[in-house]
Structures are given as structure tokens and as C-alpha cells.
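Values reported hereafter were calculated over all heavy atoms of this structure, with side chains retained and with hydrogens, waters and symmetry mates removed. This structure is a prediction, so every number in the text was calculated from the model and none was measured. Note that ligands are numbered from 1 as they come in the structure, with each ligand's atoms numbered from 1 the same way.
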Amino acid sequence: MRKKIIAGNWKMHKTYKEGIALVEDCIKLAEKEKIKEVEIIFCTPFIHLRKISKLTDNIKHINTGAQNCHWEEQGAFTGEISCSMIKSCGAAYVILGHSERRQYFNETHEQLTKKVTAALKHDLTPIFCCGEPLEIREANTHIELIGKQIRESLFHLDKEMITKVVIAYEPVWAIGTGKTATTEQAQEMHAFIRKTLAHHYDFETAESISILYGGSCKPSNAKELFSQPDVDGGLIGGAALQVEDFIALANSF
Ligand code: 13P
């Protein structure tokens, strides 16, 4: 059985105090709602990671993650954070290749390949993002682009390693726009990603990998999206900043 996951990507939101309060309230509500079967992940800014990892330490199905990492172990890279630093804060995940990082920080597939390898080496699970901008969707070349993003940054991994990766499909035109992919669009892309993995690795390997949907995912559309056979949960932006919405999403399977 594939893991069901709700991961909150806070992006550059929440002060230290606000972030801690949000997580404390989410934990309380998740307990009250008896959510146990879904893994909840808080992908916070680096400053929150240590404290929040401590808060979630004893809760098996709640974990933390970073939103980026550097591929080197250490060195003169001002402003960067290594995987061992992230791991030392207690995090279990790291988001890699988010479209905002590709777009605003010129993250390339060469860098992503190295980041994926570094994360796995340090026992951090990459949440690897792929997704097409609007013009690519309109040109009807989105399938090719997603295939390329997956191949270029993940296919250097062997079978054992790829099973440790979580993939997130996030159409760029749906991020923060209120415009969600239809369930058909999401299922089509998720099935394509799984088929691509099955072709390169094998069927069992592809079947074991969780593929999340991201892009204006909210309680009102989550149930339908998560009911699709190849949608294993969500990578959530805006709705992860609200306690009720985020926990309602974890309750949407
Ligand atoms: P929104 O849920 O705000 O559209 O953001 C999605 C996202 O980018 C998660 O990584």
C-alpha cells in the first residue's frame, strides 16, 4: 500500500512564533480528529525545523521537512544549508525542484540531480516537484516536459533509491492561482508519471511511489482529487497556513 501524504509547503510564511503556534494547533486538531492513516508533513522555513521536529518527535505519522538543500556537505556557500544540517534538526523530508525555485532561483536539473542524491545519502526523503507552466499546457507539450523533468533529475537513481522518493505534480498555472487542475487532468499526469517510472524501473517499483498533487488544493476539491487511483495526497501551499483547512485536507481521503 502506498503512503497517503499531506505535506504543507509553508514557503516564506510565518514568523518563528506563528509557525510553532500553527503546528501546536494542527497537532491538537489531528489528535481530536483521530487522523492516523495519513502522514502529515510540515515543510517549514529552516528556522522552525528544530523546534517543530521536537514537537512532532513522538508522533509517528507527523513529520517535518525542509524546502531546499545544498548538495555539498559543507563549505564556503554563504546562505546555504546542507542535508546533514537539515537532518540534525530532526527533519525527514526535503522539497526539491519546486517551480518557484526553478523559476526565481534558476535551479537546474543538474543541480537537482545532485540535491536528490545528497538528500538520499543523508536519509532525507526528497519530495521531488515537477510541473508545467501555462504556455506548455496550452501548447499541449506538458506530457513531454514532465517526462523530461522526471528522467533528468531522478533516473540516475537505482531501483532501491527511487522507492525512497516522493513525487509531487504541481502544474505551475494552478499554484496560488485558485485554479486547480481537474481531477481528469491530475489523474492523467499522475498515471503518466507512474507509467514513466514503470517503464524505466518496473511495475512494482512504480506502484510503491507516492505521487502528490499540488496547486490550489483545498478542502473543497481535495476529496475528488484524492479519490483518483494515482493521486496519493497533496503538496499544499496556501491552505497549509490555516489549521482547519490543513487538517481537513488530511481528513479528505
Ligand atoms: P498553493 O496550494 O498555494 O496553490 O501552492 C501549491 C504549492 O506550490 C505547494 O508546493
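You'll find the ring centres of Phe155 and Tyr201 inside the 6.0 Å limit. Side-chain rings of Phe42 and Phe246 approach one another, their centers coming within less than 6.0 Å.
Protein heavy atom at the shortest distance from atom 3 (O) of ligand 1 is Gly238 N, 2.8 Å. For atom 2 (O) of ligand 1, the nearest non-hydrogen atom of the protein is Gly237 N, 2.9 Å.
Each of the atoms 4 (O) of ligand 1 lies under 4.0 Å from some heavy atom of Ala174.
Between Lys121 and Glu73 a salt bridge is recorded (basic side-chain N to carboxylate O distance below 4.0 Å). Salt-bridge check for Lys11 with Glu100: passed, with a basic side-chain N closer than 4.0 Å to an acidic carboxylate O.
Not a single heavy atom of Ala240 sits closer than 4.0 Å to an atom of ligand 1. Using a 4.0 Å heavy-atom cutoff, Gly176 is listed among the residues neighbouring ligand 1.
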Original post:
Between Gln67 and Trp10, is a side chain to side chain donor-acceptor pair (under 3.5 Å) present by the stated rule, with each step listed?
Top reply: CA-CA 9 Å; Gln67 299 171 16; Trp10 290 6; over 6 Å; no
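Backbone and side-chain nitrogen or oxygen atoms of Gly215 are examined, and none is located within less than 3.5 angstrom of a nitrogen or oxygen of ligand 1. Remark: ligand 1 and His98 share an N or O pair separated by less than 3.5 Å (distance only, no angle test).
When Lys218, Lys11, Glu170 are ranked by how near their heavy atoms come to atom 5 (O) of ligand 1, first place goes to Lys11.
The side-chain heavy atoms of Thr108 and Lys114, taken from C-beta on, include no pair separated by under 4.5 Å.
For the pair Arg101 and Phe105, the cation-pi test (distance below 6.0 Å, angle within 45°) is passed.
Contact annotation: for Leu235 versus ligand 1, heavy atoms closer than 4.0 Å belong to both the backbone and the side chain.
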